[in-house]
2 protein chains.
Amino acid sequence: MAGRAAVPEVIWARPERTGRGPKPAFTRADIAAAAVRIADAEGLDGVTMRHVAAELGCGTMSLYNYVPRKEDLYELMIDAIGAEHEMFEPTGDWRADMLRNAEETRAIMHRHTWAPRLMAGVFGFSPNTLRYLEHCLACLEPLDVPAGTKTELVALLNGVVTTYTGNAIATAERARSMPWSAEEENAVRMAYLGGQIATGAYPRLAAAFMEQSGPVDLEAVFRRALERVLDAFDPELR
Amino acid sequence: MAGRAAVPEVIWARPERTGRGPKPAFTRADIAAAAVRIADAEGLDGVTMRHVAAELGCGTMSLYNYVPRKEDLYELMIDAIGAEHEMFEPTGDWRADMLRNAEETRAIMHRHTWAPRLMAGVFGFSPNTLRYLEHCLACLEPLDVPAGTKTELVALLNGVVTTYTGNAIATAERARSMPWSAEEENAVRMAYLGGQIATGAYPRLAAAFMEQSGPVDLEAVFRRALERVLDAFDPELR
DNA sequence: GCGCACTACGTACGTTGTACGTAACTAGGA
DNA sequence: TCCTAGTTACGTACAACGTACGTAGTGCGC
């Protein structure tokens with residue numbers, strides 16, 4: 001009975017150990033840690049079943065005892081970095097707390113640049129994701145809106161963080177497997193953009209580019225976006 | 001001299017035709033259309049170089065004359081569906097216009113369910129992307145904020161649309177290559193979530209779930225998110 | 001203590017992106 | 001006008017991927 005299940009399966013629902021047979025050599029945490037280590041060092045494309053198995057020191061196919069599909073390995077990775085969230089005691093200032101949560105998410109993603117790409121595609125109700133969601137709801141206790149609105153706030157804020165951080169990181173991550181640097185690629189793209197603007201086909205876009213002096217401060221743009229999202233949920237501002 | 005360039009390259013910067021040699025059999029539009037057709041019918045994973053070439057009726061490697069890397073094929077696809085934007089005459093009501101733009105983006109993504117996955121990763125300054133950005137800036141003409149703020153609005157709004165639509169679509173798209181339906185997978189995930197909530201480990205999350213009666217109206221959630229983002233940029237509300 | 005569920009993992013298959021080599025073709029410079 | 005250099009076309013080949021399958025060994029529960 002080695003076949004793969006013909007029915008959907010959530011890896012978190014399957015018990016890590018079922019009393020029978022030899023003791024497993026690794027825990028899920030071991031496997032997740034190995035995969036994260038590789039992704040950090042070599043990028044997400046370095047995370048192959050063979051490579052993770054080698055990192056653990058076991059045969060490739062042994063991995064499939066723990067992880068039925070590669071996608072589940074990704075879920076393990078997301079859950080693993082979810083543990084890096086600090087889950088601090090809420091201060092009573094929901095805005096400040098949520099801002100802190102968002103900044104922390106961003107920091108985690110910068111530590112693990114492959115995270116945005118993964119999070120965009122996975123539904124993700126892993127244990128640590130749930131704990132983080134619960135933590136956010138705790139921070140939002142002082143906010144006087146329906147619970148449903150609070151989850152919408154968390155979702156929207158997370159989405160914005162992922163999008164912004166993901167975009168900021170995407171070029172760097174992609175450049176990893178290329179024979180050129182992220183700066184070089186960026187320069188080429190900007191040169192092309194400049195050329196297009198110079199054609200006069202995009203007057204308003206041109207004006208927007210002329211307006212700014214010096215390079216864009218992505219950090220500030222990100223922070224402004226967060227503030228705006230929080231504004232949109234603040235009853236005192238409406 | 002068949003080697004690939006050792007320097008970053010933007011496909012849009014390379015001329016489609018350089019007077020020398022035999023006439024190319026296809027245009028970039030042909031290729032993009034073929035790839036889009038396949039992705040619509042079989043999902044993004046169906047878009048392989050071999051498959052696209054077969055759809056065009058040429059040898060696999062001939063494709064590489066037009067598209068140096070597969071990633072560039074993706075850029076072609078994104079640009080192609082960008083042409084589906086309506087670029088209507090701005091009405092003078094920037095909120096209504098931007099709402100319409102966002103709804104249109106969402107509609108396009110629902111027509112091409114692979115789009116969110118692609119857009120998340122690509123920097124994207126394709127011709128049609130630029131035209132759409134210019135169109136948005138035209139719609140935002142009546143809004144009295146700096147041009148930089150306007151581009152931030154467009155970016156944020158687009159990010160929210162992509163995130164929300166992408167999440168809504170992700171499960172369906174993934175289920176395509178699996179032996180089970182999206183509904184089945186969703187049911188299993190929800191069952192797991194219910195079980196977790198029932199443990200009492202996530203009291204606030206549990207409360208949020210008990211609060212809602214019936215299934216979530218994703219459409220309404222999406223629309224509320226849009227309104228909130230627009231609110232956040234509306235000077236009259238601050 | 002017996003049997004069965006489980007772990008371990010080597011082998012093998014189908015598929016992917018794409019490097020490389022070769023043949024055919026055509027526009028510009030002589 | 002012819003020559004030649006740059007293009008197009010595409011078959012072959014390779015390395016790497018996810019993973020199905022089979023077999024051997026292990027140890028818990030009855």
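Contacts between residues 48-58 of chain B and DNA chain C, defined by a heavy-atom separation under 4.0 Å, are made by B/T48, B/M49, B/R50.
In this structure, CE of B/M61 is placed 12 Å from C1' of C/dT16, rounded to the nearest angstrom. Summarising the geometry, the separation between CG on B/L44 and C1' on C/dT16 is reported as 14 Å, rounded to the nearest angstrom. The OH-P distance, from B/Y74 to C/dG17, rounds to 7 Å in whole Å. The CG-P distance, from B/L73 to C/dT18, rounds to 10 Å in whole Å. Atoms NZ (B/K70) and C1' (C/dA19) sit 17 Å apart, rounded to a whole Å. In this structure, A/L63 atom CG and C/dG10 atom P are separated by 13 Å, rounded to whole Å. Nucleotide D/dC17 holds its P atom 11 Å from the OH atom of A/Y64, rounded to whole Å. The nearest whole Å value for the distance from the CZ atom in A/R69 to the P atom in D/dA20 is 10 Å.
Note on B/Y66: only backbone sugar-phosphate atoms sit closer than 4.0 angstrom, heavy atoms only; bases stay farther off.
If you take OG1 on B/T162 and CG on B/N167, they are separated by 11.0 Å, rounding to the nearest 0.5 Å.
Taking the side-chain contact (heavy atoms from CB on, under 4.5 Å) definition, one finds that A/E104 meets it with A/H85, A/E86, A/R100, sequence neighbours left out. Applying the side-chain hydrogen bond (donor to acceptor under 3.5 Å, both in side chains) rule to B/Q196 yields no partners; only residues at least two apart in sequence or on another chain are considered. A search for side-chain hydrogen bond (donor to acceptor under 3.5 Å, both in side chains) contacts involving B/D30 returns B/T27, not counting sequence neighbours. The salt bridge (Lys or Arg N to Asp or Glu O under 4.0 Å) check on A/D79 picks up nothing, with sequence neighbours excluded.
Toward the 5′ end of DNA chain C lies the nearest nucleotide of A/N65, the other residue of the pair B/T60 and A/N65 mapping further downstream.
At C/dC9, one or more side-chain N or O atoms of A/S62 fall inside 4.0 Å of OP1 or OP2 (strictly under the cut-off).
No side-chain heavy atom of A/N158 sits under 4.5 Å from any side-chain heavy atom of A/M119. Using a 4.5 Å heavy-atom threshold, the side chains of B/E219 and B/R106 count as touching.
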Protein-nucleotides 25-30 of chain D N/O pairs under 3.5 Å:
residue: D/dC28; atom: O4'; partner: A/G19; partner atom: O; Å: 3.4
residue: D/dC28; atom: O3'; partner: A/G19; partner atom: O; Å: 3.1
residue: D/dC28; atom: O2; partner: A/R20; partner atom: NE; Å: 3.2

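Between A/D72 and A/R28 there is no salt bridge, since no side-chain nitrogen of the basic residue lies less than 4.0 Å from a carboxylate oxygen of the acidic one. In this structure, B/R189 pairs ionically with A/E75, as a charged nitrogen and a carboxylate oxygen lie closer than 4.0 Å.
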